[in-house]
Asker: 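Quick one: this structure, given as structure tokens, is what I'll be asking you about.
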Amino acid sequence: MRLNRKQFLGALSAATLAIAALTSGAAHAQERYTLRLHHFLPPQAPIPKDGLAKWAEKIQKDSDGRLRIQLFPAMQLGGKPTDLFDQARNGVVDFSWTVLGYTPGRFPKTEVFELPFSIGSAAQASPAIYEYVQNHAADEFKDVKLITVHTHGPGLFHTRKPIAKLEDLRGMKIRGGSRIINIMLEQLGAVPVGMPVPQVSEAISKGVLDGTTVPWEVVPALRVQQIVKNHTGFSGPKGLYTQTFGLLMNQASYDKLPDDLKRVIDANSGIEVARAFGLVMDAADQTGIDLAQKARNHIVTLDEAETQRWKDAAQATRQSWFKEVQQRGIDGPKLAEEAQRLLDKHSGAAQ
């Protein structure tokens, strides 16, 4: 069958469009993207070095080099650590890694993991908090693309003067890393001073603080073992406190990616990333302990009886949190029970 001129031109036009679409698709498939990740710690700190950097390297590898994540540590892109969540939400950066407690009141349901004597191993608590957020607090992250959440390990004190009993804390100016921790410190008799972790070393050196609440993991990056000589922890697997962290992505930055690169992001998000970051935290805790021992510092683990006194005193923080979130329509005891169930599940206590 011979085509007339009109049919021929129509067929030619369709072929041209098809070729153009294929060419455009191929070009789109080869397009490269560089995204920026902002955080508050120096690059040699454990999560930036062994968590975020390795995570970014895996994404680059999984995308055949088409997706590169550039890390900007120590607030290099400007702002304060307390701005990091909003920087990711508003598109100032493509990703941020931050302490959720740096934005008080924004994560009331997720705060349950900060209650005293809740958390032991970060590798066990981190998948627990990720599962909890997915089931009970996803709305608190609706303005961002959530990559993962995680915790640090058991929290303790690092102080200029020794703490051997609960009464020794009274009147001491102690840095707290979140709203819940500051409430707890005040109820235990300390004078809480809220500040982001990068300011801690200078504040202790100048006498603004008598000590700080940070996990062992942070000790090397802040040189804590050089500026204080006393470290006080507690009997049993759980620490006095913990903090929660989020790796967050700007939703528009995610949406603009082609589908195959979205799948790369999705494959490198979730509970296994939480577990991996928790493992980094746990390993780094031992590094901090080793440095304090090498410095011949005074490391105290309070015995079971004294630890129980702290647990009893810290119940006030749990009860005040229950009353506070109740005013926001949140069933605190129910969420605490669910958080404990998930912690037991991921620690192997429940099968």
Side-chain angles (χ1 to χ4, degrees), residues 99-122 124-126 128-133 135-137 140 149-157 163 165-170 172 174-194 212-215 232-245 302 304-347 349-350:
V99 175
L100 298 179
Y102 283 175
T103 48
R106 179 169 272 161
F107 305 99
K109 288 179 282 190
T110 309
E111 278 182 338
V112 69
F113 276 77
E114 296 184 23
L115 294 178
F117 292 104
S118 295
I119 303 300
S121 159
Q124 296 168 353
S126 295
I129 190 176
Y130 181 81
E131 186 173 346
Y132 171 90
V133 165
N135 293 333
H136 303 286
E140 296 183 348
V149 289
H150 67 101
T151 75
H152 65 55
L156 69 157
F157 291 107
I163 296 175
K165 57 184 182 300
L166 182 59
E167 289 76 12
D168 292 338
L169 186 66
R170 290 178 183 166
M172 293 181 69
I174 303 292
R175 174 262 179 185
S178 73
R179 190 181 71 87
I180 296 296
I181 294 173
N182 284 332
I183 291 171
M184 177 195 69
L185 289 172
E186 184 173 20
Q187 291 175 334
L188 293 177
V191 177
V193 182
T212 185
T213 57
V214 294
T232 303
F234 300 84
S235 294
K238 296 181 179 180
L240 176 63
Y241 61 88
T242 195
Q243 290 198 268
T244 57
F245 303 81
L302 300 179
E304 291 184 6
E306 183 61 28
T307 296
Q308 188 60 51
R309 294 184 68 219
W310 289 73
K311 288 181 178 180
D312 293 343
Q315 280 296 316
T317 304
R318 186 174 290 262
Q319 295 303 318
S320 63
W321 184 79
F322 289 163
K323 292 178 182 178
E324 180 184 318
V325 296
Q326 184 180 26
Q327 297 174 2
R328 302 179 68 166
I330 297 171
D331 188 338
K334 182 178 179 180
L335 290 183
E337 182 179 343
E338 177 62 6
Q340 187 59 58
R341 183 187 72 80
L342 291 170
L343 287 164
D344 290 344
K345 170 186 173 181
H346 288 283
S347 67

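Everything quoted here is computed from the prediction, not taken from an experiment.
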Asker: Hey, are the side chains of Tyr130 and Val133 touching, using non-hydrogen atoms and a 4.5 Å cut-off?
Answerer: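 No; the side chains remain at least 4.5 Å from each other.
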
Asker: I want to check a possible cation-pi pair here: Lys238 against Phe117, using under 6.0 Å from ring centre and within 45° of the ring axis as the test.
Answerer: no

Asker: Could you tell me whether the side chain of Phe234 reaches within less than 4.5 Å of the side chain of Phe157, counting heavy atoms only?
Answerer: yes

Asker: Report yes or no: does Thr244 contribute a side-chain atom to a donor-acceptor pair with the main-chain N or O of Thr151 at less than 3.5 Å?
Answerer: no

Asker: Do Arg309 and Glu306 meet the salt-bridge criterion of a basic N to acidic O distance under 4.0 Å?
Answerer: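 Salt bridge flag = yes for Arg309 with Glu306.
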
Asker: Going by heavy atoms in the side chains, are Val149 and Tyr132 under 4.5 Å from each other?
Answerer: no

Asker: Test your reading of the model: is there a side-chain donor-acceptor pair from Ser347 to the backbone of Gln124, 3.5 Å cut-off?
Answerer: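 Side chain of Ser347 to backbone of Gln124, a donor-acceptor pair under 3.5 Å: no, none is there.
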
Asker: Are side-chain heavy atoms of Leu240 and Leu156 found at a separation under 4.5 Å?
Answerer: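 A side-chain contact under 4.5 Å is absent here.
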
Asker: If you measure only the distance, is there a donor-acceptor pair under 3.5 Å linking the side chains of Thr317 and Gln187?
Answerer: yes

Asker: Have Asn182 and Glu186 got a donor and an acceptor in their side chains that come within less than 3.5 Å?
Answerer: no

Asker: Using 30° and 60° as the class boundaries, would you call the ring planes of Phe245 and His150 parallel, tilted or perpendicular?
Answerer: parallel

Asker: Under the criterion side-chain contact (heavy atoms from CB on, under 4.5 Å), I'd like the reasoning laid out for Arg318 against Ser118: C-alpha separation, chi angles, the key distance, then a yes or no.
Answerer: CA-CA 10 Å; Arg318 186 174 290 262; Ser118 295; 3.3 Å; yes

Asker: With a 6.0 Å cut-off on the ring centroids, do Trp310 and Tyr241 count as close?
Answerer: no

Asker: Determine the minimum heavy-atom distance between His346 and Ala128, stating which atoms define it.
Answerer: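 Minimum heavy-atom separation between His346 and Ala128: CD2-CA, 3.5 Å.
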
